[in-house]
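Chain A is the first sequence line, chain B the second, and so forth, proteins listed ahead of strands; every chain is numbered from 1. Values reported hereafter were calculated over all heavy atoms of this structure, with side chains retained and with hydrogens, waters and symmetry mates removed.
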Amino acid sequence: MRTAGRTSLAPEEGKIIIEHTNINPNKAAHIGHLRNACLGDTLARCLRYKGEKVEVQNYIDDTGVQVVDVVFGFMELEKKTVEDLERLPGKFDYFCWDLYARVSAYLPKHPEAQARKSEIMKRIEHGLDPEYGLSRYVSRRIVKAHLATMARLGVFYDVLPCESTILHLKFWDKAFELLKERQAIYLAAKGENSGCWVMRLEEDEEREKVIVRSDGTVTYVGKDIAYQLWKFGLLGRDFFYEPFAERDGRTLWISTPTPTAGFPAFGGATKVYNVIDTRQSYLQKVVVQGLRSLKFEAQAAKSVHFSYEMVALSPKSLSELGYAASDEEKDRAFLEVSGRKGLGVKADDLLDRLEAKALAEIEKRDPDRAGDERRKTARDIATGALRYFMLKFARNSVIVFDFEEALSFEGETGPYLQYTVVRLASIFRKLKERFGLAESDIVPPAGGAALIPEGLSDQETADFWDLILTAASLEEEVLRSVAALEFSHLAKFAFLLCQKFNGYYHKYPILAEENLEVRAFRLLVLRTAKEQLHAALGLMGIPPPERM
RNA sequence: GUGCCUGUAGCUCAGCUGGAUAGAGCGUUGGACUCCGGAUCCAAAGGUCGGAGGUUCGAAUCCUCUCAGGCACGCCA
């Protein structure tokens, strides 16, 4: 019964690139970033399960204005050097979170500072110290902080392409040539965009999107088109890479403009998923249209914007954060997270709270366990709670974040799924202790004997089919989730399977069953359910604890 | 102004490639085996599916209009 349907899992692409996380390296990660990473990572896991070759990229905008703002803050407001930053106590990403908010408030009140900010930006672009050195120090250290936060959730990447490398290797120049050559853009001679290179928009013939400004610099979308071309191997230019971090013997690579050797092949995908929130839908459309205008129809069709709604803050969570809402903000149902305002729930803070709560529960229930083991389990529960929370909502619905809801361990939550897994593990552990039977000994009856014992009640037969058919639909659910990019389906499926198992388990004794034939049958049902459930949790990145 | 998204139980959300009495969690109320983990299970109460029209044998689901909320639309990123 476990082999049925295997054929449905087959790769359809040569190579798939998923770009997700993409946090500006100038401040701590927040709950909005967590939703992005959880969705992207789950997509990666599901596609790999399907048999696809997947490359996960986390794009680092290390030369953008957000980093410049923080560099400005360190130089002008804090008067700090790189050496000072090395000695800064506490979490560096948290310090930058506050500093970025300070700078964002400072700049509008000090228009004269704009000149200095522009100067910093130019000097970073040209690699001039101390600005350049500071920007590199800040962005690299923040990236490490982000990677550490994501590692807490089991989210990892293959490669970190950097904006700075794209600039140094002049990816844009190459893309610009292509765009001009194939007449995908043209120089506007009159009108408000006079002097700019623009792209005509398909949907709205009247509108044109500026790709190159009248001063000759490229816009955000322009750079994105170049990057998208590279992902498909269409740019005719490539990065170099060097190791950035290690985990489990695997190397995470980061792009570099300096020629290196010995790195794996990155890029050159046949399909690309960009995990970006829905507010960027318009820009993503322009990027795809850019490919189409270049006559890369096939690649345009395989460029997927995996869009999702934002995570916002409930009025209750706002007051818990100590945020004083303005009169205008007061009657709103929710408020957007804002890095500029320093308004948001930091990812590590939320994870810390989840871990602390889980640890308290474990200590209450199982005070004899070793401290290390308790902490490990608390981490697993925190991860499970958070990842399930980020997946259970349909991607088109705004998550109005509420602490009480996010910190819940009961009902439709990750810990409920984990608890179910723990109960299953416990049954098989006791089976071994009491009867010396290993899980692998639980196999269908040999010699063509009936699977369902004779004389099984109609009710139990019906419950058996209900549970087993649900368990068997995992693959179908995964494929459906991937096709719709709707991982709430997968989450609901896992939850339903747990509910069905818990109901079955409540009604039918397993270890205490004296009829050995019936016991063997029920164990077989449980083994199947357990395997499918573990697979489902694995795809969602929810760790299955042995005990909790 | 134009485009996209959302509106379903007190609250948070599923269901939306049309199909039978509209589901779940939380909350409320009442229960559960001396036995395999009570982070569990069972039950009850709770809904004119924002509103109006239309298509259909049949609409929460499709179409039109409308009301309410959100987001986007820059020579910012």
Side chains of [X] and [Y]: do they bring a donor and an acceptor to under 3.5 Å?
{"X": "A/Y186", "Y": "A/E208", "result": "yes"}
{"X": "A/E163", "Y": "A/Y227", "result": "no"}
{"X": "A/N502", "Y": "A/T420", "result": "yes"}

Judged by nearest nucleotide, the residue sitting upstream toward the 5' end of RNA chain B, A/N502 or A/Q499, is A/Q499

Judged by nearest nucleotide, the residue sitting upstream toward the 5' end of RNA chain B, A/A358 or A/C196, is A/A358

Is the phosphate of B/C76, meaning OP1 or OP2, less than 4.0 Å from a side-chain N or O of A/R213? yes

If you compare every side-chain N and O of A/T278 against the phosphate oxygens of B/G70 (OP1, OP2), does one of them come in below 4.0 Å? no

Ring pair (Phe, Tyr, Trp, His ring centres under 6.0 Å) partners of A/F389, counting only residues at least two apart: A/F393

With both distances under 3.5 Å as the test, what is the Watson-Crick or G-U wobble partner of [N]?
{"N": "B/G18", "answer": "none"}
{"N": "B/U40", "answer": "B/A32"}
{"N": "B/C49", "answer": "none"}
{"N": "B/G27", "answer": "none"}
{"N": "B/C71", "answer": "B/G3"}

Using the P atom as the reference point in each nucleotide, state the distance between B/U12 and B/G53 in Å, no decimals. 28 Å

Checking only heavy atoms, does the side chain of A/S214 share a donor-acceptor pair with the base of B/C75 at less than 3.5 Å? yes

Tell me whether the ring of A/Y505 lies stacked over the B/C36 base, given a 5.5 Å limit on centroids and a 30° limit on the plane angle. yes

Charged N to carboxylate O under 4.0 angstrom, A/R527 versus A/E531? yes

Check every strand shown and say whether A/L431 touches a base, only sugar-phosphate, or nothing at a heavy-atom separation below 4.0 Å. nothing

Identify whether any heavy atom of A/S307 sits under 4.0 Å from a base atom; if not, whether one sits that close to sugar-phosphate; answer base, sugar-phosphate or nothing. nothing

